[in-house]
Amino acid sequence: MTGPIKISEQHRDFFAMVFEVVKQIPEGRVTSYGAIARYLGMGRSSRMVGWAMNASHSQPEFVPAHRVVNRNGVLTGKHHFASPTAMQALLEEEGIKVVEDQIQNFETYLWDPAKELALD
DNA sequence: TGGGTGACCATAG
DNA sequence: ACTATGGCCACCC
């Protein structure tokens, strides 16, 4: 990994925090909005994570938004991509199989930042 | 000023 | 197993 996030430093900018976490999702892995919210200490405000992702497309740096799905492994955000199939295509490029907007073997690919990223 | 909405989630019945 | 509801909190009329 590229290194843990220093919450205290990023704490002012919610967007930046979310993007930093998303950017650290390894290729071929996925996580959920709620997992990110919990990792950032936002409790149940998982909707805010989704809201933040809305702005991910206009980020100067690449944000792998396609690696963020809901807690069931469903591609709920696919409609916000360039095309309806773009999100699925990106995931399948990374070896993740998607059927009917549902990631197969979701638990296998799940990457929980709270578990995988050590807090400093 | 205030109500509706959302790329969500957990709980209750 | 499935629906309903509340919470979350910033944004947009």
Side-chain angles (χ1 to χ4, degrees):
Chain A
M1 65 169 95
T2 59
I5 304 166
K6 318 264 187 312
I7 296 284
S8 49
E9 285 178 28
Q10 309 263 0
H11 148 44
R12 340 172 170 165
D13 196 336
F14 169 71
F15 276 47
M17 283 169 54
V18 174
F19 295 148
E20 281 306 309
V21 174
V22 175
K23 280 194 241 171
Q24 307 208 35
I25 305 172
E27 222 181 284
R29 305 291 298 279
V30 292
T31 193
S32 72
Y33 305 98
I36 294 173
R38 279 198 309 278
Y39 175 68
L40 295 177
M42 308 190 53
R44 308 175 190 120
S45 316
S46 36
R47 304 183 112 184
M48 300 302 95
V49 176
W51 168 68
M53 297 308 288
N54 239 331
S56 66
H57 63 83
S58 56
Q59 278 297 298
E61 288 194 35
F62 174 64
V63 179
H66 60 283
R67 298 186 191 135
V68 186
V69 296
N70 78 353
R71 82 158 209 101
N72 298 312
V74 177
L75 279 52
T76 50
K78 71 165 189 174
H79 210 273
H80 292 263
F81 283 75
S83 86
T85 55
M87 187 177 187
Q88 173 169 347
L90 285 167
L91 287 170
E92 293 187 328
E93 269 177 34
E94 301 182 359
I96 297 175
K97 175 127 182 163
V98 179
V99 177
E100 300 274 313
D101 297 338
Q102 163 73 54
I103 293 180
Q104 306 298 294
N105 302 315
F106 177 53
E107 293 177 8
T108 305
Y109 303 112
L110 183 55
W111 180 88
D112 185 353
K115 263 200 221 167
E116 313 280 351
L117 285 183
L119 288 160
D120 238 340

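A note on names: the letters A, B, ... follow the listed sequences, proteins ahead of strands, and every chain is numbered from 1.
- In terms of modelled atom types and a separation under 3.5 Å, the side chain of S46(A) and the main chain of Y33(A) share no donor-acceptor contact.
- The closest donor-acceptor contact from the side chain of Q104(A) to the backbone of Q102(A) lies under 3.5 Å.
- Across residues 96-103 of chain A, not one residue has a non-hydrogen atom less than 4.0 Å from an atom of DNA chain B.
- Annotation for W111(A) and Q24(A): closest pair CZ2-O, 3.6 Å, computed over non-hydrogen atoms.
- Two residues, F15(A) and S45(A), neighbour DNA chain C, and the one matched to the more 5' nucleotide by heavy-atom proximity is S45(A).
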Contact state string [nucleotides 6-13 of chain B, B base, S sugar-phosphate only, - no protein heavy atom under 4.0 Å]: BBBSS---
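- dT1(B) and dC8(C) have their P atoms separated by 22 Å, with the value rounded to a whole Å.
- From K78(A), atom NZ reaches atom CG of L91(A) across 12.0 Å, with rounding to the nearest 0.5 Å.
- Note that the first and last nucleotides of DNA chain C, 5' to 3', having any atom under 4.0 angstrom from a heavy atom of chain A are dG7(C) to dC11(C).
- Separating the P atom of dG4(B) from that of dG7(C) is a span of 16 Å, rounded to the nearest Å.
- Between V22(A) and S56(A) the shortest side-chain heavy-atom distance does not fall below 4.5 Å.
- The backbone N or O of G43(A) lies less than 3.5 Å from no partner atom in the side chain of R38(A), so there is not a single donor-acceptor pair.
- Applying the ring-ring contact (aromatic ring centres under 6.0 Å, His included) test to residues at least two apart or on different chains, the pairs with a partner in residues 47-94 of chain A are F15(A)-W51(A).
- A gap of 15 Å separates the P atoms of dT5(C) and dT5(B), to the nearest Å.
- Residue pairs meeting the side chain to side chain donor-acceptor pair (under 3.5 Å) criterion with at least one partner in residues 67-76 of chain A, sequence neighbours excluded, are R67(A)-E94(A).
- Shortest non-hydrogen contact noted between A35(A) and D112(A) is CB-OD1, 4.0 Å.
- Listed by chain and residue number, Q88(A) satisfy the side chain to side chain donor-acceptor pair (under 3.5 Å) test with E92(A) (two or more places apart in sequence, or in another chain).
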